[in-house]
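Inspection log for the structure reproduced underneath, given as structure tokens.
If you read the sequence from its start, that first residue is 1, and numbering goes on from there.
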Amino acid sequence: TMLCTRVFISRPRLSNRCLASTLDCRIWPITASQFCMGTSIGLVVPLLPLFATELSIPPAQFGLVISMMGLTRLLSNLPATYAADRFGRRPLMVYGVLGSSFAMVGTGLAMSWQELLGWRFVAGMAGTAYMAASQLYLVDISTPQTRAQTQALPSMAFTGGMALGPAIGGMLADGFGVRFPMHCIAALLLATSCLNMALLPETHSHPPSPSPT
């Protein structure tokens, strides 16, 4: 009887341990999103110098265009994390990718360095909103046992997208023109935004508002 009792008691513990070490299935849409976002960043790398040549952009202005996205991400990181806590992770993960899609369309249609600068600003803001919310979402759906894997897989996908993006952008530009890859990645990001809306429920519970005294 004592042996049976020991076996019966140990089973729930084993089950809980296995449950805690299982990856949440929501990691896969996020991993796909990270790959697409990384691809969108890498794809632009070989195209911007071609835009500079086509639009006769001077080196100083072209340098500003290149720096704009990184500068925007630097300045908007803290506000994006605040927004993810205030409004939830899901809206930023949906509309951040959607904003990136619009930014790619705008970049593909740009006819001056000022327009490129503006759309790089939009891309930086939208990308930061998505990245901040997705990192918090990954924390929400992970356990201490799965946190490393949960963070590693989307990070690998993002890096893989950045590595493949320049090659994809260069091949598409070589075959169809410098603006065509922008519209392709915009369509992919639009589909990714819809995927996030369909498959990623909100994970952040808003704290109750304090009662007036």
Side-chain angles (χ1 to χ4, degrees), residues 7-45 69-70 72-74 76-101 104 123-169 185 187-207:
V7 171
F8 178 80
I9 292 174
S10 66
R11 279 179 179 172
R13 293 177 182 174
L14 179 62
S15 177
N16 290 339
R17 191 180 303 118
C18 292
L19 183 62
S21 62
T22 302
L23 291 177
D24 192 297
C25 63
R26 288 169 290 184
I27 189 177
W28 303 117
I30 298 176
T31 299
S33 300
Q34 292 275 15
F35 177 79
C36 294
M37 290 296 286
T39 302
S40 71
I41 294 174
L43 179 138
V44 177
V45 171
M69 186 172 180
T72 305
R73 293 175 74 102
L74 176 66
S76 60
N77 214 346
L78 284 177
T81 56
Y82 172 80
D85 278 337
R86 177 68 178 82
F87 302 108
R89 286 63 159 125
R90 186 171 181 265
L92 271 67
M93 295 180 70
V94 172
Y95 295 113
V97 180
L98 185 62
S100 296
S101 176
M104 292 297 107
M125 291 286 290
T128 302
Y130 168 77
M131 293 301 295
S134 66
Q135 291 301 313
L136 293 171
Y137 198 103
L138 291 171
V139 173
D140 293 342
I141 65 173
S142 63
T143 66
Q145 291 86 349
T146 63
R147 191 146 296 144
Q149 284 179 289
T150 301
Q151 296 284 344
L153 288 173
S155 179
M156 290 170 59
F158 183 82
T159 304
M162 287 193 67
L164 291 175
I168 296 172
I185 196 64
L188 182 61
L189 290 174
L190 178 61
T192 302
S193 177
C194 296
L195 182 75
N196 288 348
M197 181 179 290
L199 299 181
L200 297 176
E202 182 59 66
T203 59
H204 181 60
S205 56
H206 301 283

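- The closest side-chain heavy-atom distance from R73 to M131 is below 4.5 Å.
- Partners of L164 according to the side chain to side chain contact (heavy atoms under 4.5 Å, CB included) rule, which considers only residues two or more places apart in sequence or in another chain, are F35, I168.
- Legend: residues meeting side-chain hydrogen bond (donor to acceptor under 3.5 Å, both in side chains) with T203, ordered by chain and number and at least two apart, are D140.
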- Task: Mind running side-chain contact (heavy atoms from CB on, under 4.5 Å) on T22 and Q145 for me, showing each step along the way?
- Result: CA-CA 8 Å; T22 302; Q145 291 86 349; over 6 Å; no
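- Two residues are said to be in side-chain contact when any heavy atoms from C-beta on lie closer than 4.5 Å; V44 and M69 fail this criterion.
- Between L199 and W28 there is no side-chain heavy-atom pair separated by less than 4.5 Å.
- Partners of M162 by side chain to side chain contact (heavy atoms under 4.5 Å, CB included), not counting sequence neighbours, listed by chain and number: I41, F158.
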Listed pairs under 3.5 Å, donor-acceptor, residues 94-101 side chains, sequence neighbours left out:
residue : atom : partner : partner atom : Å
S100    : OG   : G96     : O            : 3.1
S101    : OG   : A186    : O            : 2.7

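- T159 contributes a side-chain N or O that, together with a main-chain N or O of S155, makes up a donor-acceptor pair within less than 3.5 Å.
- Rounding to the nearest 0.5 Å places CD1 of I141 at 12.0 Å from CG of L136.
- In terms of modelled atom types and a separation under 3.5 Å, the side chain of R90 and the main chain of L200 share a donor-acceptor contact.
- E202 contributes a side-chain N or O that, together with a main-chain N or O of R89, makes up a donor-acceptor pair within less than 3.5 Å.
- Annotation for A129 and A80: closest pair CA-CB, 4.1 Å, computed over non-hydrogen atoms.
- Note that the OG1 atom of T192 and the CE atom of M37 stand 9.0 Å from one another [nearest 0.5 Å].
- When every heavy atom of T72 is checked against every heavy atom of G124, the shortest pair comes out as CG2-C, 3.8 Å.
- Residues I30 and L138 are in side-chain contact: their nearest non-hydrogen atoms beyond the backbone lie under 4.5 Å apart.
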- Message: Please evaluate residues S33 and N196 with respect to the criterion side chain to side chain donor-acceptor pair (under 3.5 Å), reporting the C-alpha separation (whole Å), side-chain torsions for both, the decisive distance (0.1 Å), and the verdict.
- Response: CA-CA 8 Å; S33 300; N196 288 348; 2.7 Å; yes
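- Residue pairs meeting the salt bridge (Lys or Arg N to Asp or Glu O under 4.0 Å) criterion with at least one partner in residues 150-159, sequence neighbours excluded, are absent.
- Separating the SG atom in C36 from the CG atom in L189 is a distance of 6.5 Å, to the nearest 0.5 Å.
- With rounding to the nearest 0.5 angstrom, the CG atom of L23 is 5.0 Å from the CD1 atom of I27.
- Contact check for H204 versus D85: side-chain heavy atoms found under the 4.5 Å cut-off.
- At a threshold of 4.5 Å between non-hydrogen side-chain atoms, the residues Q34 and S134 count as touching.
- Nearest heavy-atom pair, P166 versus V45, reported as atom, atom and distance to 0.1 Å: CG-CB, 4.4 Å.
- In terms of the side chain to side chain contact (heavy atoms under 4.5 Å, CB included) criterion, residue partners of S142 (sequence neighbours excluded) are, by chain and number, T146, R147, T150.
- Looking only at side-chain heavy atoms (C-beta outward), P154 and Q135 stay at 4.5 Å or farther from each other.
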